Amino acid sequence: MKQRHVLHLYWRAGFGLKPKELLGLSELSKKNVVDNLFKESQSVVPLSKDLSYLKSYPQSVLKNNKEKRKELLNKNRKETRILNTIWLKRLETTPRVLRERMTLFWANHFVCKDLATNHIVKYNTTLRTHALGNFGDFVKAISKEASMIKFLNLNQNKKDSPNENFARELLELFTLGEGNYTEKDIKECARAFTGYHYKYDGGFRYIRVRHDNGIKKFFGEEGRFNGDDIIDIILTQKQCARHICEKIYGYFVNSDINQNHVNKMVDVFYGNYNIEKLMRYVFMSDWFYDDVNIGTKIKSPIDLIIGIQRTVPVYFTKTNELFRLQNLLDQFLLFPPNVAGWKGGKYWITTNSLMLRIKLPSMILKKESYTYQYRGNLKNLRIVSVKNKYQEKLTVYVDWKSYRESVKKLSLNTLKDTLILCDINRGTERYISSFGKRPSKKNLVKLMSLPEYQMC
């Protein structure tokens, strides 16, 4: 398999490769490379199993004790941030790159935000469990997750006063896409999901007396539907398969949607709704490796940070600095901006983030200082172009020994081909030719500081 194609696959389905990994995989056939990608991602490993602190107080105590509730909320805030660092470290080190990439994708599709750490872990585990499974089962599981029930007010959805928040997002964002349903569909859908609630431990709770058991009319079907029935009806609409295929194409292939390619994806996906089968089809398709799709995607902030760390192991000794970087780059893992999630693409590049993105390799690997302005809370952090009292250096440990081992006996040209996928103009080529021939630390930082490194 061509090196460029292998690297393209591992940037879209993973988080890049080290030079020797790229050279080794390039000796295999496309089928073997794709098969290995799926094989390594078969297992499902939750972010955290140690949530014993949540058993400190019985639910009855928390219900009647404001101080205990406040104490638990503070613990949850701290633990949710710890989960953020656990996930980032997982992305850097795991061989299950496809499972993690798919989990990130679905986390920005079934968008949800919560501060109850046990519920967040359970929700994230559901994302990674179904990430390559059956889409219908996936949607049903999501609808019963405590975090989603709270986030979209399903616990307030009762037969006498239906709450339409979840029903609207189910149709618009999760399954059919905007404009492919009516207001009447939303109302009937909401009625079917009445009675949904959750247990303190994050389990699903169905309150029968709150459920509207009356006749509902939904997409030409009529009956005493519950939530699962509604999802089954949605799955019979080919538009559901098309909406998901377009979303996957836009994320994994190209934001400029090719409807001919999407039509073929829909043929593979509709009916069985097998996510793994769909992704195998995409990664095995010749058009996935067309030049028009290679090196054309702007790396997300998480891709940018993890890509650097997978090339050179980096350890942040102060987690607050890692949180600050995510905020400054506008992608704080586990804290999406709204129900629609991160827009991605060109929206990653702002006047505030562009300079920081270019300088990030130097900040992490050379510990160069950077400046920012703090205006009261983390959401209001902003990069500024002048020095001030908030000029800082990252407190990180860089494992250069591992890097030297990974590029031993390799040329700078090999390193360049591993780091940069998009086309390079003549001026940049001349600039790179002045580096010399060795993949030194200095040359690595220079390559990662090129605008072309922002693309994958």
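In this chain, numbering begins with 1 at the start of the sequence shown. Just so we're clear, the structure is a prediction, and the values are computed from it rather than from any experiment.
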**Prompt:** Is there a salt bridge (charged side-chain N to carboxylate O under 4.0 Å, His left out) between Asp137 and Lys144 once you walk through the steps?
**Reply:** CA-CA 11 Å; Asp137 294 341; Lys144 297 179 176 70; over 6 Å; no

**Item:** Step-by-step side chain to side chain contact (heavy atoms under 4.5 Å, CB included) determination, Leu450 to Ile432
**Value:** CA-CA 10 Å; Leu450 293 172; Ile432 294 174; 3.9 Å; yes

**Message:** Test side chain to side chain contact (heavy atoms under 4.5 Å, CB included) on Lys416 and Ile424; report intermediate values, then the result.
**Reply:** CA-CA 11 Å; Lys416 181 199 74 174; Ile424 300 176; 4.3 Å; yes

**Message:** Please determine whether side chain to side chain contact (heavy atoms under 4.5 Å, CB included) holds for the pair Leu365 and Ile308, giving the CA-CA distance in whole Å, both sets of side-chain angles, and the decisive distance to 0.1 Å.
**Reply:** CA-CA 9 Å; Leu365 301 179; Ile308 294 171; 4.2 Å; yes

**Stepwise salt bridge (charged side-chain N to carboxylate O under 4.0 Å, His left out) check, Asp286 with Lys30** = CA-CA 10 Å; Asp286 290 340; Lys30 179 167 69 174; 3.0 Å; yes

**Prompt:** Stepwise, does the side chain to side chain contact (heavy atoms under 4.5 Å, CB included) test hold for His8 with Arg4?
**Reply:** CA-CA 6 Å; His8 172 60; Arg4 193 163 186 251; 5.8 Å; no

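Here the rule is side-chain contact (heavy atoms from CB on, under 4.5 Å) with Gln3, and of Leu17, Leu25, Leu22 only Leu22 fits it. The residue from Leu329, Thr350, Leu328 that alone fulfils the side-chain contact (heavy atoms from CB on, under 4.5 Å) condition with Arg357 is Leu329.
A donor-acceptor pair under 3.5 Å links the side-chain atoms of Asn36 to the main chain of Asn32, judged by distance alone. Here the side chain of Thr395 pairs no donor or acceptor atom with the backbone of Lys318 at under 3.5 angstrom. At least one donor-acceptor pair under 3.5 Å links the side chain of Lys359 to the backbone N or O of Ser369. Remark: side-chain polar atoms of Asn84 are not paired, donor with acceptor, to backbone N or O of Phe332 under 3.5 angstrom. The main-chain N or O of Asn274 is never found under 3.5 Å from a side-chain atom of Asn134 such that the two would form a donor-acceptor pair. Looking at Glu169, its side chain never comes within 3.5 Å of a backbone N or O of Leu152 through a donor-acceptor pair. Distance alone, capped at 3.5 Å, places no donor-acceptor pair between the Tyr196 side chain and the Phe204 backbone. His243 places no side-chain N or O within 3.5 Å of a backbone atom of Leu171 that could act as its donor or acceptor partner. Of the possible donor and acceptor atoms, none in the side chain of Arg128 sits under 3.5 Å from a partner among the backbone N and O of Leu104. Between the side chain of Asp290 and the backbone N or O of Asn293, no donor-acceptor pair lies under 3.5 Å.
Using cut-offs of 30° and 60° for the angle between ring planes, the Trp106 and Phe138 rings count as perpendicular.
Glu145 and Lys122 are joined by a salt bridge, as a carboxylate oxygen and a charged side-chain nitrogen come within less than 4.0 angstrom of each other. Between Arg96 and Glu100, none of the side-chain N atoms (NZ, or NE/NH1/NH2) sits under 4.0 Å from a carboxylate O, so this pair counts as no salt bridge. Under a 4.0 Å N-O distance rule, the pair Glu172/Arg168 does not qualify as a salt bridge. Under 4.0 Å is where a charged nitrogen must lie from a carboxylate oxygen, and between Lys31 and Asp35 at least one such pair does. Remark: Arg426 does not engage Glu429 in a salt bridge, criterion side-chain N to carboxylate O under 4.0 Å. For the pair Arg324 and Glu392, the salt-bridge criterion is met [side-chain N within less than 4.0 Å of a carboxylate O].
Between Met279 and Ile248, some side-chain heavy-atom pair lies under the 4.5 Å cut-off. Contact check for Asp201 versus His119: no side-chain heavy atoms found under the 4.5 Å cut-off. Side-chain contact between Tyr273 and Cys240 is present, with heavy atoms from C-beta onward closer than 4.5 Å. The shortest side-chain heavy-atom distance between Gln239 and Thr175 does not fall under the 4.5 Å cut-off. Annotation: side chain of Tyr315 is not in contact with side chain of Gln309 (no heavy-atom distance under 4.5 Å). Contact check for Leu170 versus Phe110: no side-chain heavy atoms found under the 4.5 Å cut-off. Put simply, the side chain of Phe193 reaches to within 4.5 Å of the side chain of Phe166, judged on heavy atoms. In this structure the side chain of Arg101 never reaches within 4.5 angstrom of the side chain of Arg12, judged on heavy atoms.
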Side chains of residues 261-271: which donor-acceptor partners sit under 3.5 Å, not counting sequence neighbours?
residue	atom	partner	partner atom	Å
His261	ND1	Tyr249	OH	3.1
Asn263	OD1	Arg242	NH1	2.9
Asn263	OD1	Arg242	NH2	2.9
Asn263	ND2	Gln259	O	3.2
Tyr270	OH	Thr236	O	2.6

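Figure legend: cation-pi geometry between Lys299 and Phe15 absent, as NZ or CZ is not positioned both under 6.0 Å from the six-membered ring centre and within 45° of its axis. A cation-pi arrangement, defined by a distance under 6.0 Å to the six-membered ring centre and an angle within 45 degrees of its axis, is absent between Lys113 and Phe335.
There is a side-chain donor-acceptor pair under 3.5 Å between Thr428 and Asn425. Counted by atom type alone, His109 and Lys247 present one or more donor-acceptor pairs between their side chains at under 3.5 Å. In the model, Asp330 has no side-chain atom that pairs as donor or acceptor with a side-chain atom of Ser353 under 3.5 Å.
The two residues Arg99 and Thr129 have their closest heavy-atom pair at NH1-O, 3.6 Å. When all heavy atoms are compared, the tightest approach of Met455 to Gly295 is CB-O, 3.5 Å. In terms of heavy-atom proximity, Leu37 sits nearest to Ala13 at CD2-CB, 3.6 Å.
Ring to ring, Phe252 and Phe105 are close: their centroids are under 6.0 angstrom apart.
The distance from the CG atom of Leu7 to the CD atom of Glu21 is 11.0 Å, given to the nearest 0.5 Å.
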